[in-house]
Asker: 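Attaching a single structure in C-alpha cells format; questions to follow.
Just so it is clear: chains get the letters A, B, ... in the order the sequence lines come, proteins before strands, and each one is counted from 1.
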Number of protein chains: 2
Amino acid sequence: MAETETVRQANAAAFDSLEVALDRGSPIPLYYQLAQQLESAIEHGALAPGNLLGNEVDIAARLGLSRPTVRQAIQSLVDKGLLVRRRGIGTQVVHSQVRRSLELSSLYDDLAAAGQSPATRVLRNEIQSASPEVAAALGIPEGRDVIVLERLRSTHGESVAHLTNYLPATLLDLDTERLEATGLYRMMRAAGITLHSARQTVGARCATADEGTLLDEPEGAALLTMCRTAYDDTGRAVEYGTHVYRAARYTFDFQLLVRP
Amino acid sequence: MAETETVRQANAAAFDSLEVALDRGSPIPLYYQLAQQLESAIEHGALAPGNLLGNEVDIAARLGLSRPTVRQAIQSLVDKGLLVRRRGIGTQVVHSQVRRSLELSSLYDDLAAAGQSPATRVLRNEIQSASPEVAAALGIPEGRDVIVLERLRSTHGESVAHLTNYLPATLLDLDTERLEATGLYRMMRAAGITLHSARQTVGARCATADEGTLLDEPEGAALLTMCRTAYDDTGRAVEYGTHVYRAARYTFDFQLLVRP
DNA sequence: CAGTGGTCTAGACCACTCG
DNA sequence: GAGTGGTCTAGACCACTGA
C-alpha cells in the first residue's frame, strides 16, 4: 500500500525533526534525559501511535551517544509500556488506546496516592499491643507496640473509605495534623523509609450495621475490601492495612503489563 | 555485632560455592542462564535472605563474563523484586517474607491462569453484533461482529465466577471443546496473538436474583466484579470481559513493585 | 538480500556508602 | 580511602524480519 509508505516516511520525519537536547553537564543520566524527552514527545503527539522510531544505531549516531545508552532509554519506555520492540522490524509507539489506559492508572498510583487525597480525617492515632493477626502480618512478636491508625477518607463531602493501618511503633512518629495534610506514604518516605513492594488482597462483602453508619450506607450494602502489607527495601514489613471502600463510590483500577 | 560479621562471611561462602554452569553453545542468552540459576539458588535457599551477592566485577571475572552481562542478569531479578541493589553497599537477596508474597501471586498470574482452571463450562459461544459498550471497549465500529463468550467457572464442584468475554470475530476461531480444555488466553496465544497489556477495574455490588441463581448465592450477596480490556502488542484491543465472582469464594491477590 | 533489534565484550569514570 | 553499584563508550556478531 502506498499509504504504508507514506506513513513510514512521516514517521522518520517525525522522529528526525524531534529535537532532543542532551545536557552532558547535568547530573541526570543521558539515557534518562533521552527517555523523558521521548516520553513527552509521545504524550504530545510528536511521535504518533504506530510510528517507527528509527534504528538504534542511527539514533545513537545522531545524538552522539553510544548504542547501549540509547537502548537503555528505549528499554525504560518499553518497560513502561509506551514502546514495543520487534526484532527485524523496529521500535514502535504503542497505540493510543493502550497508552491512554496506561496513563489513567499506573500500577503504583494507589500506593503513591494513598493518603494524598484531599480530605482524610484521622479517627484514631494511638499505640497498642500487636494482636496475633497484626503481629503475623508485620512479622513482629505478638504484643509488640504498634501504631494504630484509623482514618475516614472522603471526596466531595461524601465518605468513600474507612482505612485502618498498623505500623511498627519504632518506625516513625505520626503527627495527626501532618498526617491529614501530607498523607501516610509521604510521611514514611520523609522518614527515610523506601518502599520496595506491597501485597494486596481485594475482596468484597456486605456492610455490617456499624460500617453502614460510618460510611453512610445501608446495612447489607456491597463494600470493597482491601488488605495490604507493604515492605521496605530491607525486607521489613512497614505497614499493614485493612481498608473498606463503598462500592458505590470506589473501584480499583490497574494496568497489567505482560513481560515478554 | 559479631553475628553480622559471621553472616557476611557466610554470604560470600554461599555465593562462592554456588555452581553456575554456563553453556555458551546454548541459544539461551548467557544473562538469562545466570539469572535463572541465581533465581533457583534463591528459591532453594542456597542464597539466603539478606545475603550480599558480591561485587559485579568479581562475579563477571569468576564466570568469564563481561560486567554488563552480569548486570543484565542481576537487573532482571531486581525487576522481579528478588534482589535489591544499594549503591556503595552491594546487591542483596530480598527477605523471605517479601519473596513469599511475590511467589504466591505474580502480577500476571490472573492473566496467565485465566481459563486454565480445572472446571470451566461454556454457557455461550456465538457471534453477535457489537453493542455500543462493547464496541467502545474494543475500539471497533458499533455493530461489527464479535464473539460472545459466557463461561461458568467452578472449583471443587462449587461455582466461583461467571465470565463474559467479547472478542473481535475476525481474530480467531473458538472451538468450545478446546476452550474448556485449554483456556481462552492459551488459545489466543496459539493463534499468534501476543498480549501486551490489560486494564482492569475491580469493584463490588450485590447480587441480583438471576446472578444469585447462577452462582448459587442468595439475592443481595456481595459479589466482586472485574472489567478487563486486553491489548495486543500492535495496540489492538483483543478482548473485553466483564466478570462476576462470588466474594465468599474469591479474592484478587496482587503484588506491587515500587520502581526506584 | 539488507535492515532491525538481541546479545556480548573490555574497558572507563563517577557517585555513593562505609569505616 | 576503599569498595560498591550507576553510567557510558565503541565496537562486535547473531537471529530474525521483510521484500
Asker: Rounded to the nearest angstrom, tell me the gap between atom CD in A/Gln72 and atom P in D/dT7.
Answerer: 6 Å
Asker: Starting at CG of A/Asp58 and ending at P of C/dA2, how long is that distance when rounded to a whole Å?
Answerer: 16 Å
Asker: Map A/Leu30 and A/Gly88 onto DNA chain D by nearest heavy atom, then report which one ends up closer to the 5' terminus.
Answerer: A/Leu30
Asker: Please answer whether the main-chain N or O of A/Gln200 pairs with a side-chain N or O of B/Gln255 as donor and acceptor at a distance below 3.5 Å.
Answerer: no
Asker: Rounded to the Å, how far apart are B/Leu63 CG and C/dT9 P?
Answerer: 10 Å
Asker: Taking side-chain contact (heavy atoms from CB on, under 4.5 Å) as the definition, give me every residue that meets it alongside B/Arg86, ordered by chain and number, with sequence neighbours left out.
Answerer: A/Asp233, A/Thr234, B/Val84, B/Ile89, B/Gln92
Asker: Roughly, in whole Å, what's the span from CD1 in A/Ile28 to C1' in C/dA15?
Answerer: 15 Å
Asker: Restricting to nitrogen or oxygen on both sides, can you table the protein-nucleotides 11-14 of chain C pairs closer than 3.5 Å?
Answerer:
{"residue": "C/dA12", "atom": "N6", "partner": "B/Arg67", "partner atom": "NH1", "Å": "3.2"}

Asker: With a sphere of 6.0 Å drawn around CG of A/Asp23, does it hold more than 12 non-hydrogen atoms of other residues, nucleotides or ligands?
Answerer: yes
Asker: Whole angstrom is fine here: how far is it from CZ in A/Arg71 over to C1' in D/dC8?
Answerer: 15 Å
Asker: Without decimals, in angstroms, what is the distance between B/Gln92 CD and D/dG5 P?
Answerer: 11 Å
Asker: Rounded to whole angstrom units, what separation is found between the CG atom of B/Asn55 and the P atom of C/dC18?
Answerer: 17 Å
Asker: From D/dG6, C/dG5, D/dA10, pick the nucleotide closest to the side chain of A/Arg85?
Answerer: C/dG5
Asker: Does a donor on one side chain and an acceptor on the other come within less than 3.5 Å for B/Tyr231 and B/Glu239?
Answerer: no
Asker: Given side chains that start at C-beta, do those of A/Gln75 and B/Gln75 come closer than 4.5 Å, heavy atoms only?
Answerer: no
Asker: Rounded to whole Å, how long is the line connecting atom CG of A/Leu34 with atom C1' of D/dT7?
Answerer: 14 Å
Asker: Output yes when at least one side-chain N/O atom of B/Tyr31 is less than 4.0 Å from OP1 or OP2 of C/dC8, else no.
Answerer: no
Asker: Is there a side-chain polar atom (N or O) of B/Thr69 under 4.0 Å from OP1 or OP2 of C/dT9?
Answerer: yes
